[in-house]
Amino acid sequence: MSYKTVFQPMRQGRKSRVLSIATAFVSLVLCLNTAQVAAQSGTEADDPVTHAFLNSNQAGVRLGGWSNQGATPPDSLQVSANSFYQNDIGSGSFYLEGFFGFRLSRALMLEFSLGLVSRGDVYLVEETGGSSIGTLQVYPILAKVKFYPSARPIAGLFPYLLAGGGVYYGRHDIQFVTGIDAAYRAAFGENSKTDFSYVLGGGIDWPVASVVALDLNAQYMPVKFSGNLIGVDDYSSLTITVGVKYLASRKAKKEHPHRLLSRR
């Protein structure tokens, strides 16, 4: 029995389940958003900080941890007859993410983010004596929809759910080389892979001023590259981060002068 015979149906089933979950999530968000808007008609937030938060776009950064949920590259891996990898890639790393959120309504926000995680150092050792030193990095480039179930703070906090997807780009870069022929061979040791996948998560926003808010965020990222990168293709992760964001108030739409004159 071949590898494809066993695992191909499992992958197809996984894709269908992901599509069903995503469809259900979007339907739930739209239904709850419609109900929320209807319930809030004619109601304004009493707190100016809350009012500013609900009517602002967001831009900020998050910093935290990347917890490996996939495979871990082996400590030593033969690359060719004359070279092999050595690495110190573990199960956890620091994760950095920059983001911009465009508010669609009080309940919905569209967020674009660029993340970076350095999984660790990778050494390409040549039997001739040369070596190359580099890093293994993953860049999530994502678009997400954030849903806020409540337009009023719960103990000063705004919980939210998020779902989306995008491109996960993994790359093994080489920064330093030693030995006579290592510089020539370094380019052959570099490698990169991409994956198009989804992201699910949630978090809590805490507006502390009319222009500043704090953020606690958790995201599950299933990353399965099209081929092996340092011996494995599964770089799925769970990230938990804290962040700070600037709240940029949306400008109110200016009415046409003829409409103002018609009201007088």
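Residue numbers start at 1 and run along the sequence shown. Computed from heavy atoms alone, side chains included, the values below leave out hydrogens, waters and symmetry copies.
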If I compare all heavy atoms of [X] with all of [Y], which pair ends up nearest, and what's the gap?
X: G227; Y: D233; answer: O-CB, 3.5 Å
X: I230; Y: P73; answer: O-CB, 3.3 Å
X: Y160; Y: L216; answer: OH-O, 3.8 Å
X: T194; Y: F225; answer: C-CD2, 3.6 Å

In terms of hydrophobic clustering (I, L, V, M, F, W, Y; side-chain heavy atoms under 4.5 Å; direct or indirect links), are [X] and [Y] co-clustered?
X: V145; Y: F112; answer: yes
X: F100; Y: L110; answer: yes
X: V117; Y: V232; answer: yes
X: V138; Y: L116; answer: no
X: V211; Y: V208; answer: yes

Non-hydrogen side-chain atoms of [X] and [Y] separated by less than 4.5 Å:
X: W66; Y: R119; value: yes
X: P159; Y: I154; value: yes
X: N87; Y: L136; value: no
X: Y220; Y: V199; value: no

message: Going by side-chain contact (heavy atoms from CB on, under 4.5 Å), name the residues that satisfy it together with I204, two or more places apart in sequence or in a different chain.
response: L157
- prompt: With sequence neighbours left out, what residues match S118 under side-chain contact (heavy atoms from CB on, under 4.5 Å)?
  reply: T135, Q137
Checking [X] now: which residues fulfil side chain to side chain donor-acceptor pair (under 3.5 Å) with it, not counting sequence neighbours?
X: Y235; value: none
X: N228; value: none
X: T72; value: N68
X: D234; value: S236

For F94, the rest of its hydrophobic cluster, which grows through side-chain links under 4.5 angstrom: none
message: If hydrophobic residues (ILVMFWY) are linked whenever their side-chain heavy atoms come closer than 4.5 Å, directly or via other members, who joins I141 in its cluster?
response: L114
Out of curiosity, [X] [atom1] to [Y] [atom2], how far, rounded to the nearest 0.5 Å?
X: N57; Y: M109; atom1: CG; atom2: CE; answer: 6.0 Å
X: S192; Y: Y139; atom1: OG; atom2: OH; answer: 11.0 Å
X: N217; Y: L162; atom1: CG; atom2: CG; answer: 6.0 Å
X: W206; Y: F158; atom1: CH2; atom2: CZ; answer: 13.0 Å
X: T239; Y: Y95; atom1: OG1; atom2: OH; answer: 5.5 Å
X: R62; Y: L214; atom1: CZ; atom2: CG; answer: 12.0 Å

query: Residues two or more places apart in sequence or in another chain: which of them pass ring-ring contact (aromatic ring centres under 6.0 Å, His included) with Y168?
result: none
- prompt: How would you list, by chain and number, every residue that makes a ring-ring contact (aromatic ring centres under 6.0 Å, His included) with F99, sequence neighbours excluded?
  reply: none
query: Looking at residues at least two apart in the chain, or sitting in another chain, which of them share a salt bridge (charged side-chain N to carboxylate O under 4.0 Å, His left out) with K193?
result: none
Please check: side-chain N/O of [X] versus main-chain N/O of [Y], any donor-acceptor pairing under 3.5 Å?
X: S197; Y: P222; answer: yes
X: N191; Y: R171; answer: no
X: D195; Y: K224; answer: yes

- prompt: Of the options S210, P207, S249, which is the one that meets S56 in a side chain to side chain contact (heavy atoms under 4.5 Å, CB included)?
  reply: S249
field: Face-on cation placement of R103 at Y148 ring, 6.0 Å and 45° thresholds
entry: yes
query: Hey, mind stepping through M221 and Q69 against side chain to side chain contact (heavy atoms under 4.5 Å, CB included) and telling me if it holds?
result: CA-CA 9 Å; M221 304 178 184; Q69 303 297 305; over 6 Å; no
Side-chain donor-acceptor contacts of residues 240-248 below 3.5 Å, not counting sequence neighbours, with atom names and distances?
unit_1, atom_1, unit_2, atom_2, d
K245, NZ, Q58, OE1, 3.0
K245, NZ, D205, OD1, 2.8
K245, NZ, D205, OD2, 3.3
K245, NZ, D215, OD2, 3.0

- request: Check the side chains of S113 and K144 for a donor-acceptor pair under 3.5 angstrom, ignoring hydrogens and angles.
  value: yes
